[in-house]
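Here the structure is laid out as structure tokens; the discussion comes afterwards.
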Amino acid sequence: MSAIVNAYIDGDDEHIVLVQRDEAGARITHRVLADYAIYFRNGEVPGDWLRKWRRDPSCRGYRAEGEWLRTRWRGWNARRFILSIAHEEGIETFEGDCNPVKRWMADHPDVTIQAPRRAYVDIETDSRVGPKQAREEGARILTWCVMGEDGSYEVGVLEEDTDAAERVLLRAFYQAMMPYDQMVAWNGDEFDFPIIGKRTKERRLGGGIPRLWLKMDHMVLYERMNLQVAESGDEKQSYALNAVGHAQLGIGKQDFDARKTFQAWDAGGDSLDALVDYMVMDTNLMRGIEAKTGYLKLHQTVAEICGLFPDSWALLPTAQMDAFLLRLGRRRGVHFPTTTRAEKTYDENKYRGSYNKDPPERAGILRNVHVVDFSSMYPSIMVSWNMSYETKVPGPVNGPVPAGMCRTPKTGVCFTTSHTGIIPEALEFFLAKRKEMSARRANCAPGTPEAHDAERWTNGYKVVPNSFYGAQGNAGCRFHRREVAESVSQTGAWLAEKTEWALRERYPGCSVIYVDTDGLWMVGITRDDIEEAVRWLNESFYPKLLADCGCKKNIVKLAYEKEFELLVFIKAKNYVGKFRHYKGKAAVAGSKPEIKGIAYKRGDHTQLTRDFQAEIIDLLMGGMGASKTPGPTEDLALYEEAVGRWRTRILEEPLSIEQIQTVKGLSKCVCFDEKCRAGEHYSTRKSTKGKTVESPPHVRIGRVLKARGEDIGPGSRIAYYVSDGARKPQGVEPACDYTGKCDRNHLWGEVVWPPTQRLLESAFPQHDWRPFNAPKREKVAVDRTEPLPTLPKKPPRRMPESPSGTLFH
DNA sequence: ATCTGTGGCTGTCTGA
DNA sequence: TCAGACAGCCAC
């Protein structure tokens with residue numbers, strides 16, 4: 001057995017099924033005994049327990065494996081009982097939580113994961129059943145589509161509205177799925193998979209969707225992957241398939257009304273054809289999105305690296321880390337603690353994190369700003385300080401670092417240097433593999449299959465280690481140690497501070513104006529000096545710094561990343577900049593500016609806010625394609641014209657709902673039912689006067705929609721608009737109720753203008769932008785004696801003088 | 001099969 | 001007018 005495509009626990013819980021594709025593509029399955037194992041340290045189990053286990057029918061046996069004792073149990077319950085008595089006696093157990101599939105994969109670390117034959121799947125269900133009911137109780141499946149990666153597809157249509165016909169339909173569906181191993185569906189985890197599963201059970205075709213197929217939610221994958229690369233907030237407003245199809249492929253909305261699926265099916269003929277066409281188009285959209293993004297391919301690579309099967313579960317960082325390290329541990333002959341339920345909530349467990357230095361306030365347009373950053377900061381720290389849950393050793397917090405250990409400066413936590421920890425070892429493995437694959441790619445002719453393959457592995461080996469720090473900071477992770485996680489982030493903060501001071505000392509004119517975690521932003525220094533500084537830091541400064549901590553290794557590395565020709569800071573994590581060069585490549589005329597944090601990037605602002613801000617950014621930096629007179633320009637008349645035009649537009653001209661709606665996600669259940677088991681609910685706290693505090697607007701609207709029978713719950717996105725901003729609480733309405741009237745005064749004065757006002761006040765602090773504020777509500781803009789609003793009390797921080805004199809314009 | 005982290009900004013709602 | 005609780009989203 002060298003490669004498998006899937007494995008699952010068989011119905012009897014006593015076996016697991018290994019699924020394989022042979023060279024001809026035929027599916028082969030093997031049944032092997034399911035192993036419910038617990039490891040102990042040899043010698044830690046009392047002799048009378050071992051004698052008892054020999055006669056215990058729930059014990060399948062035990063054997064010594066080096067310094068470990070491996071015990072095997074007859075099923076979940078038998079194992080759970082042994083874990084609990086061991087826990088009571090204070091005897092450490094290892095890997096006692098692993099299900100038999102995870103156990104088998106860990107026991108066979110050389111078995112690789114085959115690429116599954118992928119089918120994109122979509123179903124249409126009876127629209128007379130509301131979406132909520134459909135998800136919870138099921139709804140009649142009317143049609144299905146199964147599409148292969150080559151675009152060939154099969155379609156099934158319900159013959160008549162009876163259970164017997166649905167049974168036939170489902171049988172045909174599974175028949176169509178037989179050539180495939182993986183079922184990919186958009187929002188499948190919440191819709192298609194549970195519904196297909198329920199109907200399968202009700203029609204007595206099985207207990208649910210057979211485990212033979214890997215279930216993969218394409219939408220969840222897309223959301224995770226696209227979060228970091230989305231250019232503007234437009235892409236984040238909706239993850240509905242047609243919205244993503246539009247964003248990625250420019251495909252327009254289809255004219256089929258998805259709320260009328262039953263009528264279309266019932267009418268038959270052309271109506272039914274339209275329904276089927278619509279479904280096939282949707283299925284094909286997923287194929288198009290994958291062709292454009294390659295996210296499924298990357299996920300497949302990550303799964304292969306970790307030893308996981310590519311389903312929705314394999315997206316979780318803890319699952320990836322756990323699977324990879326269990327296999328690495330098996331190769332090294334080590335085993336890891338049994339994972340138990342985390343007891344405390346996350347908030348109670350928060351530890352100190354990254355370092356942020358505030359940027360200068362209202363400093364105008366900055367010029368020639370250079371940025372250096374640490375390459376893979378947290379992984380490099382974990383390797384250099386040998387940080388792992390099991391390498392932590394007792395040692396002095398202050399004073400000289402004893403031999404055989406290294407110490408983190410801010411937390412005083414010591415780690416042994418006598419042997420490499422399992423996490424640093426894994427990280428070094430990824431680094432080496434990435435380097436190897438990157439070199440292979442460079443040696444392949446571009447565009448060849450070999451080059452693409454090397455590219456795929458390069459990306460996979462880059463992605464996997466990135467989540468290790470976060471995963472081990474999670475209380476539910478097998479490798480979690482709070483002090484270790486904090487030591488990683490605090491050592492990062494320390495390195496950034498040390499770098500800041502070193503630069504200041506070595507280059508008196510240089511000023512570090514902003515720091516966020518692993519990036520340092522500076523002015524008053526030339527490109528040549530920075531490159532020299534980076535060399536000096538890497539070759540001399542960090543080696544000494546780390547040696548003083550007792551580190552035996554040092555892979556901490558700073559890199560010169562980019563220079564901004566122009567830069568405007570609004571606040572920490574909020575800025576707009578025009579590149580001069582980025583990673584060695586010079587910017588060209590019309591290069592897109594870098595935009596971070598501000599309204600333009602956010603999915604929870606109105607489209608008007610984003611479009612307006614895009615036009616102003618185009619004046620400031622160019623490259624947005626949003627203004628007739630793209631900048632960079634400092635001609636204030638151009639800005640005033642644009643602001644005035646937008647102000648008039650919003651106060652007076654017709655506005656569509658798409659332009660004015662705010663979209664926010666719900667993170668909790670909106671109901672008031674105390675018996676509801678849906679997890680967390682929104683707080684119903686009382687004010688100090690004993691009055692019930694109103695919920696936020698999107699929660700109130702969520703309740704309205706739920707009362708109308710819509711499927712509203714955690715994860716739902718709520719679109720609403722403000723109809724009366726003066727009322728308390730605000731008058732808000734569901735976006736679907738819009739009839740063309742909204743509170744324009746509020747829209748301009750509270751929603752659209754402020755984010756861009758802050759941008760303009762940051763770029764042109766001397767200019768007074770208040771005349772563009774919304775008209776006063778009571779008396780409209782005639783009362784000249786009205787006192788002007790007071791300016792912020794805090795004096796703006798002064799920018800340090802730059803020797804070149806290019807800092808201020 | 002509960003399960004990446006912390007830091008930071010902006011908005012609403014409330015009462016002082 | 002402002003601070004503090006709560007909430008969502010974004011930068012690392």
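Within every chain, numbering begins at 1; the chains are lettered A, B, ... in the order of the sequence lines, protein sequences first and strands thereafter.
- Protein atom NZ of A/Lys571 is 12 Å distant from nucleotide atom P of B/dG8, rounded to whole Å.
- The nearest whole Å value for the distance from the CD atom in A/Glu694 to the C1' atom in C/dA5 is 15 Å.
- In this model, the phosphate group of B/dG5 is approached by a side-chain N or O of A/Asn474 to a distance below 4.0 Å at OP1 or OP2.
- Remark: P of B/dT6 and OH of A/Tyr469 are 7 Å apart, rounded to the nearest angstrom.
- As rounded to whole Å, 8 Å separates atom C1' of B/dT2 from atom CH2 of A/Trp313.
- Judged purely by distance below 3.5 Å, without hydrogens or angles, the side chains of A/Thr93 and A/Thr338 pair a donor atom with an acceptor atom.
- Outside the 6.0 Å centre-distance limit, the rings of A/Trp213 and A/Phe193 are not counted as a close aromatic pair.
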- B/S/- contact track for nucleotides 7-12 of chain C, protein heavy atom under 4.0 Å: SBBSBS
- Base-pair string, DNA chain B, Watson-Crick plus G-U, cut-off 3.5 Å on both distances, | for inter-strand, is ....||||||||||||
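- Among the protein residues, A/Thr318 comes within range of the sugar-phosphate backbone only, with heavy atoms under 4.0 Å from sugar or phosphate atoms but none that close to a base.
- As a whole-Å value, the separation of A/Gln730 CD from B/dC13 C1' is 9 Å.
- Residue-level contact check: A/Gln320 touches neither bases nor backbone, having no heavy atom under 4.0 Å from any strand.
- The residue A/Gly473 sits close only to the backbone: its heavy atoms come under 4.0 Å of sugar-phosphate atoms, none of a base.
- Annotation: A/Lys392, atom NZ; neighbour count of heavy atoms from other residues, nucleotides and ligands within 6.0 Å does not exceed 12.
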- Query: Would A/Glu95 and A/Arg478 count as a salt bridge (charged side-chain N to carboxylate O under 4.0 Å, His left out) if you check the C-alpha gap in whole Å, the side-chain angles of each, and the deciding distance to 0.1 Å?
  - Reply: CA-CA 9 Å; A/Glu95 301 173 11; A/Arg478 191 186 305 284; over 6 Å; no
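- A/Ala572 comes within contact range of the sugar-phosphate backbone alone, with a heavy-atom separation under 4.0 Å but no base atom that close.
- Base contact: A/Arg224 has a heavy atom under 4.0 Å from a base atom.
- Partners of A/Glu594 according to the side chain to side chain donor-acceptor pair (under 3.5 Å) rule, which considers only residues two or more places apart in sequence or in another chain, are A/Lys562.
- When heavy atoms are screened at a 4.0 angstrom cut-off, A/Tyr351 is found touching the sugar-phosphate backbone but no base atom.
- Taken to the nearest 0.5 Å, the CE atom of A/Met216 stands 7.5 Å off from the CG atom of A/Asp311.
- Taking the six-membered ring for Trp, A/Phe579 and A/Phe564 have ring centres closer than 6.0 Å.
- At least one side-chain nitrogen or oxygen of A/Arg758 sits closer than 4.0 Å to the OP1 or OP2 atom of B/dT10.
- If you check B/dG11, B/dC13, B/dG8 against the side chain of A/Pro754, the one that comes closest is B/dG11.
- Distance CE (A/Met321) to C1' (B/dC3): 13 Å, rounded to an integer number of Å.
- For A/Pro317, the listed nucleotide lying nearest its side chain is B/dT4; candidates were B/dT4, B/dC9, B/dC13.
- Between A/Arg703 and A/Phe672, some side-chain heavy-atom pair lies under the 4.5 Å cut-off.
- Using modelled atom types and a 3.5 Å distance limit, the side chains of A/Gln757 and A/Asn773 yield a donor-acceptor pair.
- B/dC3 and C/dC12 are spaced 28 Å apart, taking the P atom of each and rounding to whole Å.
- Atom pair A/Tyr721:OH and B/dG11:P shows a separation of 21 Å (rounding to whole Å applied).
- Distance A/Lys102 NZ to B/dC3 P: 11 Å, rounded to the nearest Å.
- Taking the six-membered ring where tryptophan is involved, the planes of A/Phe569 and A/Tyr575 are perpendicular, since the angle between them exceeds 60° and thus also 30°.
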